[in-house]
Amino acid sequence: MDMKQLREKVGLRTVDVASQLGIAESTVRNWDSGRHSPRLSIEEIPKFLEVYQCTLEEAIAAAKESRRKFDEANS
């Protein structure tokens, strides 16, 4: 599962995630595409996991999968 699938699994749009986390929608789109991985402070991690309704391990795996797909598409 990649970041987009993780987000869609909980029925959220990019704008929903951006609003709940207080970040730009383009940031969420970059996470979805694998262009960038989430870079969060220790204080932001619990809210991120709550919004995505996942464990830290699931989030890490999803970010890695998104990055793999991005690298594959751009090589």
Side-chain angles (χ1 to χ4, degrees):
M1 179 176 305
D2 62 25
M3 288 298 294
K4 182 176 181 180
Q5 293 166 330
L6 192 65
R7 175 180 55 74
E8 290 177 338
K9 180 183 79 156
V10 293
L12 295 174
R13 300 170 299 160
T14 56
V15 67
D16 300 326
V17 172
S19 174
Q20 290 183 42
L21 294 178
I23 58 176
E25 187 178 355
S26 61
T27 300
V28 180
R29 287 194 304 269
N30 283 330
W31 293 350
D32 281 1
S33 71
R35 182 180 308 270
H36 297 290
S37 293
R39 303 217 189 287
L40 308 167
S41 71
I42 194 74
E43 295 88 5
E44 295 169 317
I45 293 172
K47 181 66 176 176
F48 175 91
L49 297 176
E50 178 185 318
V51 169
Y52 278 88
Q53 298 177 25
C54 67
T55 65
L56 182 59
E57 291 78 14
E58 290 169 325
I60 291 169
K64 284 181 180 178
E65 179 62 12
S66 289
R67 185 61 185 197
R68 185 194 66 75
K69 288 179 179 179
F70 179 82
D71 289 345
E72 187 176 278
N74 292 287
S75 60

At their closest point, which heavy atom of Val51 faces which heavy atom of Gln20, and how far apart are they?
-> CG2-OE1, 3.4 Å
How long is the span from the NE2 atom in His36 to the CG atom in Asn30, to the nearest 0.5 Å?
-> 4.5 Å
Please list, chain by chain and in numerical order, all residues satisfying salt bridge (Lys or Arg N to Asp or Glu O under 4.0 Å) with Glu8, sequence neighbours excluded.
-> none
Connected via hydrophobic side-chain network under 4.5 Å: Leu21 and Val10 = yes
Should Glu58 and Tyr52 be marked as a side-chain contact (heavy atoms from CB on, under 4.5 Å) after you check the CA-CA gap, both sets of side-chain angles, and the distance that decides it?
-> CA-CA 10 Å; Glu58 290 169 325; Tyr52 278 88; over 6 Å; no
From the list Arg67, Arg7, Lys4, salt bridge (Lys or Arg N to Asp or Glu O under 4.0 Å) partner of Asp32 resolves to Arg7
Kindly write out the residues that satisfy ring-ring contact (aromatic ring centres under 6.0 Å, His included) with Phe70, not counting sequence neighbours, or none if the list is empty.
-> none
Output all residues satisfying side-chain contact (heavy atoms from CB on, under 4.5 Å) with Glu44, sequence neighbours left out; order by chain, then residue number.
-> Leu40, Ser41
Please name the pair of heavy atoms, one in Asp2 and one in Ser66, separated by the smallest distance, quoted to 0.1 Å.
-> CB-OG, 3.2 Å
So do Arg68 and Asp71 actually touch side chain to side chain, heavy atoms under 4.5 Å?
-> no
How would you list, by chain and number, every residue that makes a side-chain contact (heavy atoms from CB on, under 4.5 Å) with Arg29, sequence neighbours excluded?
-> Thr14, Glu25, Ser26
Could you tell me whether the side chain of Ser37 reaches within less than 4.5 Å of the side chain of Trp31, counting heavy atoms only?
-> no
Sub-3.5 Å donor-acceptor pair from the side chain of Ser19 to the main-chain atoms of Asp16, do we have one?
-> no
More than 12 heavy atoms of other groups within 6.0 Å of Arg35 CZ | no
Please say whether more than 12 non-hydrogen atoms of neighbouring residues, nucleotides or ligands are located less than 6.0 Å from NZ in Lys9.
-> yes
Mind checking what makes side-chain contact (heavy atoms from CB on, under 4.5 Å) contact with Leu49, not counting sequence neighbours?
-> Ile45, Cys54, Leu56, Ala59
So does Glu72 pair up with Lys69, basic N to acidic O under 4.0 Å?
-> no
In the single-linkage hydrophobic clustering (I, L, V, M, F, W, Y; side-chain heavy atoms under 4.5 Å), do Val17 and Met1 co-cluster?
-> yes
Return the set of residues passing salt bridge (Lys or Arg N to Asp or Glu O under 4.0 Å) with Lys47 (not counting sequence neighbours), or none when no residue passes.
-> Glu50
